[in-house]
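Here's the structure, in structure tokens; my notes come after.
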Amino acid sequence: MNKPRLRDLGIVIGSLPPGPLNAITDVPGVLVGQVTLHRGEAHTGVTAILPRQDVHESPVLAAFHSFNGIGEMTGLPFIQDTGMLTGPLVLTNTHQVGLGYDSVVRYGTRKYGGFAYKLPVIAETYDGWLSDADSFPLSPEHFTAALENASSGPVQEGNSGGGTGMICYEFKGGTGSASRLVQVLDHSYTVGALVQANHGERPHLLVNGAPVGRLIPAEVVPLPWPEVPDTSSILI
């Protein structure tokens, strides 16, 4: 089960109300599927986001923005040139972006044929501090399973899917999701987000303006690695 959220603890950020699940799947049509793998020293997974079930037949408008970090994400030239997304967005570990690309294309070809799921969007975050990334533990079947189990229900958070091996503000990070309901003139819209939280140094963590990171030093909650590495250029 998911750990308590801030709202469960009485901490509310912002003024907009969340959707029923407070997850990206509150956006009509959006599906999320995840596979989590714990095998030996490998702790990793796959997260698949489908903007809608028939996206291969009915693409959605899309755009991207990179504001920091060096993470790899395939398929961006297609989005830049066409403004469209024609398949799922898949998140996994840094070492296996290529396998994810191949697996998603093969899955789309087997299931739908034609040009389905070509030039897919596969993104990565690095989990090598908490997982044996060099063992390349994922297989094509893991990507297929994430796509096949995608649903509109609650999104499993924390140590799940592609976020399994994440570190955030020098605490254990992971997968997170949220939604907000926005009223614009006479129309109501749902805005959803899914993140793999894998960034930051502990002193920089603020919660509603409170310096939580500085109040919980490593002596209180140990760092999630034996020795502090230089993560300034690789964590994204």
Side-chain angles (χ1 to χ4, degrees), residues 19 21 23-35 45-126 138 140 142-153 155 161-163 175-185 187-199 236:
L21 298 174
I24 193 172
T25 46
D26 285 324
V27 178
V30 173
L31 311 175
V32 174
Q34 300 196 87
V35 167
V46 180
T47 298
I49 306 169
L50 278 75
R52 54 176 164 235
Q53 184 71 59
D54 63 346
V55 64
H56 60 288
E57 295 178 340
S58 180
V60 297
L61 296 175
F64 67 90
H65 174 68
S66 176
F67 62 89
N68 195 11
I70 56 173
E72 177 66 30
M73 180 178 283
T74 71
L76 296 187
F78 184 84
I79 293 177
Q80 183 175 22
D81 290 347
T82 68
M84 306 297 288
L85 181 65
T86 61
L89 192 157
V90 175
L91 309 172
T92 190
N93 70 75
T94 301
H95 284 13
Q96 301 200 264
V97 170
L99 178 66
Y101 192 104
D102 183 76
S103 301
V104 170
V105 172
R106 288 177 182 270
Y107 174 84
T109 300
R110 286 196 310 269
K111 186 159 186 175
Y112 302 114
F115 201 68
Y117 291 5
K118 302 301 190 289
L119 301 176
V121 178
I122 315 295
E124 56 82 21
T125 41
Y126 183 69
L138 295 175
H142 292 114
F143 291 90
T144 296
L147 292 167
E148 285 287 323
N149 70 33
S151 74
S152 60
V155 175
T175 298
S177 190
S179 69
R180 294 294 183 267
L181 305 179
V182 181
Q183 189 73 25
V184 180
L185 299 178
H187 298 279
S188 179
Y189 300 92
T190 302
V191 179
L194 186 144
V195 301
Q196 286 184 184
N198 198 43
H199 64 276
I236 57 175

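Numbering starts at 1 and runs along the sequence shown. Reckoned from all heavy atoms, side chains included, excluding hydrogens, waters and symmetry mates.
Taking the side chain to side chain donor-acceptor pair (under 3.5 Å) definition, one finds that Asp102 meets it with Arg106, sequence neighbours left out. Residues meeting the ring pair (Phe, Tyr, Trp, His ring centres under 6.0 Å) test with His56, sequence neighbours left out: Tyr112.
With Thr25 contributing its side chain and Gly153 its backbone, the two residues share a donor-acceptor pair below 3.5 Å. Counting only distance, with no hydrogens or angles, the side chain of Glu72 and the backbone of Glu124 share no donor-acceptor pair below 3.5 Å. Under a 3.5 Å cut-off, the side chain of Thr175 and the backbone N or O of Gly162 do not form any donor-acceptor pair. The backbone N or O of Ile24 sits less than 3.5 Å from a side-chain atom of Ser177, completing a donor-acceptor pair. Listed for the Arg52 side chain is a donor-acceptor partner under 3.5 Å among the backbone atoms of Pro59.
With no hydrogens or angles considered, a side-chain donor-acceptor pair links Lys118 and Thr109 at under 3.5 Å. Counting only N and O atoms by type, the side chains of Ser179 and Asp26 include a donor and acceptor under 3.5 Å apart.
Among the candidates Val121, Val46, Leu194, Thr125, the single residue satisfying the side-chain contact (heavy atoms from CB on, under 4.5 Å) test with Leu91 is Leu194.
For residues 65-109, the ring-ring contact (aromatic ring centres under 6.0 Å, His included) pairs, not counting sequence neighbours, are His95-Phe136.
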Quick one: do Thr92 and His142 satisfy side chain to side chain contact (heavy atoms under 4.5 Å, CB included)? Show the steps, please.
CA-CA 10 Å; Thr92 190; His142 292 114; over 6 Å; no
